[in-house]
Protein chains: 2
Amino acid sequence: MDRLTIKDVARAAGVHPATASRALNPLLPGRISAETTARVVQAATELGYVVDPVGRSLRSRRSGTVGVLVPDLLNPFYPPVVRGVQDVLRDHGLEALLASTDNDVRRESDLLEVFRARRCDGYVIASAGRPDAPVAALVGEGVPVVLVNRLTEATAPSVTSDDARGIGQAVDHLRGLGHTAIGHLAGPTAVSVTAVREQAYRAALRGAGITPRRSWVVRAGQYTAAAGRLACHKLLDRGEVTAVLAGNDLIAVGCYAAIAERGLRCPQDVSLVGINDMPLAEWLRPALTTVAIDQAELGRQAARLIVDRIADPAAAVEHVSVTTELVVRESTAPARPAARSSA
Amino acid sequence: MDRLTIKDVARAAGVHPATASRALNPLLPGRISAETTARVVQAATELGYVVDPVGRSLRSRRSGTVGVLVPDLLNPFYPPVVRGVQDVLRDHGLEALLASTDNDVRRESDLLEVFRARRCDGYVIASAGRPDAPVAALVGEGVPVVLVNRLTEATAPSVTSDDARGIGQAVDHLRGLGHTAIGHLAGPTAVSVTAVREQAYRAALRGAGITPRRSWVVRAGQYTAAAGRLACHKLLDRGEVTAVLAGNDLIAVGCYAAIAERGLRCPQDVSLVGINDMPLAEWLRPALTTVAIDQAELGRQAARLIVDRIADPAAAVEHVSVTTELVVRESTAPARPAARSSA
DNA sequence: TTGAAAGCGCTAACAA
DNA sequence: TTGTTAGCGCTTTCAA
């Protein structure tokens, strides 16, 4: 017993294969009578026919496939994004091809090559590099591309989280607790959200009537707990701040360790705020106060945009912003009258 | 400027397209002279030709694609597995199609349907359900399938982690610290590793000269921190155990919360051991003692097996076991002379 | 609205 | 070892 083809369906319905094909693709030009369509659809259903995407793809030059590129699948930020993308794509009969670039531009361009060979209809690119040549080339050729959480290039649609809003809330929250010396552990400069968050942090401080100092910002080499731990030690060595805004939750995780290693307590001695609200954030002790980003929503919006773009590559370039919200848990507390941290 | 085809390469090399095709696929029957091969390869390289997988797939009935099914991409256990799979597949010129079943058998069979339509050359199935119909059907049809961390069906190759080894080490470790009442928070019965771990736990206790009691085992409804917290409360309510072996690290995360909520301390009052050594395990406070499973290795081995199986579907069915190792951190300590836990 | 014919890019089968 | 031929399954012309 071999695989069913459109010919089998056509024969069963008593029509030409081309007619059957058209009946099963109702949106395409060349409409078929309701009767015929019904007959074909019934035949297809009864036989259990499913189109062969390979044959279709070869002829139609569409693959029903979207290439999804993330910088690091091991970072808990991305799986929910991917999930959101897949859910929406599936609703539109599209499949996601997923790959992780490991923050490597060379690898990114290799993977794009592979995707292109497979004739992806579009691309969702969340790899966090600054504007880079391969992606720019793609966009330049008019291939449908949606950027997620990347420095917005006006030429491609994008989805970003409105980090500034949540960071503003975080700073206000800390200010309300009496903190006036608030540090920031920024991520690596190679990642575009880093700059966004750092600027939002400075703006929020000013908005709260605090003049940010250079010495309050320490750069973590990566968005990892290990890098966060080191950076936090550096920041606390300076003995100025009573609260820390970590560049993301993984960096915050490193802060817990650094704070404890110095014999300090969170939140009594140092208040800590993360960004992302990753799955385990509420389970840390103390539970992490953090700027929640709805990652799945980022993914869903990205999928929506790419679906639109595939349907009409010439449509206006849309930029979507997903709102963020401070989630207050246990890692923030009123500032001590006198900071206990300095040497 | 259109896409390059094999005809372009053939023309440039002065040979027939079929010859060019063969030259670029050295493993296939019908060997080509070294000279010709060199000429073709050079032409292909110079022109920047890459085969069109769609055309190839239609003709050869191979897709260069492996369907990878995981139960839940949001569970930190799986991303490293996926990563391992992808790395090895890529070395063999194969791509992974990835999907998450959400522990839903219905969804699993839908996804397999999609994969089959795309003519995957093989399947790596890590969805954790007990032996189920769709997968059994696949195996029955002789389609290359590799099972990861599932109840071994002798008919399909499989990769499992040797949980018994690490669990044995964990129990010995606790015994050595003076614990004799060691509880276990088992996962849901629907997941096949649950039974494996529970049995290993009982066997290890007996091996350590301890008679396991029924009341020492509580079942968590899911492999999540929330379920672990509830189950841990139940276990501690019984006031018997001084140490807990959690069914996995997520369950262990819930235990931290439960222990703290009862005014107990880990590890002074209750020792805790997890299973998996997930990325954040070492960053929890206290750092989690856990049975490390090399998830990426699970993935790599699975990929190796599926590659072999695709090459020779009739080859002997191989079962690979990946070793586990106890990682001692800070969540385990000597048993207190008198347990402080009971009411 | 439907049918006829052609061909997407590639490689398997056969022939030389 | 290489060339010839044909066709994988589908959809898109073009014609009726």
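Per chain, numbering begins at 1; letters A, B, ... match sequence-line order.
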Please report the distance, rounded to the nearest Å, between [atom1] in [X] and [atom2] in [N].
| X | N | atom1 | atom2 | answer |
| --- | --- | --- | --- | --- |
| A:Arg22 | D:dT11 | CZ | P | 11 Å |
| A:Leu58 | C:dA6 | CG | P | 17 Å |
| A:Lys7 | C:dA4 | NZ | P | 13 Å |
| A:His16 | C:dA4 | NE2 | P | 5 Å |
| A:Arg62 | C:dC8 | CZ | P | 17 Å |
| B:Leu4 | C:dG9 | CG | P | 11 Å |
| B:Asp52 | C:dC8 | CG | P | 12 Å |
| B:Arg59 | D:dG9 | CZ | P | 10 Å |

For the residue pair A:Gln301 / A:Arg304, report whether a side-chain donor-acceptor contact shorter than 3.5 Å exists. yes
Assess the side chains of B:Gln86 and B:Arg83: does a donor N or O sit below 3.5 Å from an acceptor N or O? no
Phosphate OP1/OP2 of [N] contacted by [X] side-chain N/O (<4.0 Å):
| X | N | answer |
| --- | --- | --- |
| A:Thr5 | D:dG9 | no |
| A:Ser60 | D:dT12 | no |
| A:Tyr49 | D:dG9 | no |
| A:Thr19 | C:dT1 | no |
| B:Arg61 | D:dC8 | no |

Quick one: closest heavy-atom pair of B:Ser100 and B:Leu73, and the distance? OG-N, 3.3 Å
If we only count heavy atoms from C-beta on, is the A:Val159 to A:Asn149 side-chain gap below 4.5 Å? no
If you count every heavy atom of other residues, nucleotides or ligands that lies below 6.0 Å from A:Glu141 atom CD, does the total exceed 12? yes
Taking any heavy-atom pair under 4.0 Å as a contact, classify [X]: base, sugar-phosphate, or nothing.
| X | result |
| --- | --- |
| B:Ser57 | nothing |
| A:Val51 | sugar-phosphate |
| A:Ser21 | base |

So which nucleotide from D:dG3, C:dG3, C:dC10 ends up closest to the side chain of B:Ile6? C:dC10
Comparing B:Ala34 and B:Gly55 on DNA chain D - which has the more 5′ nearest nucleotide: B:Ala34
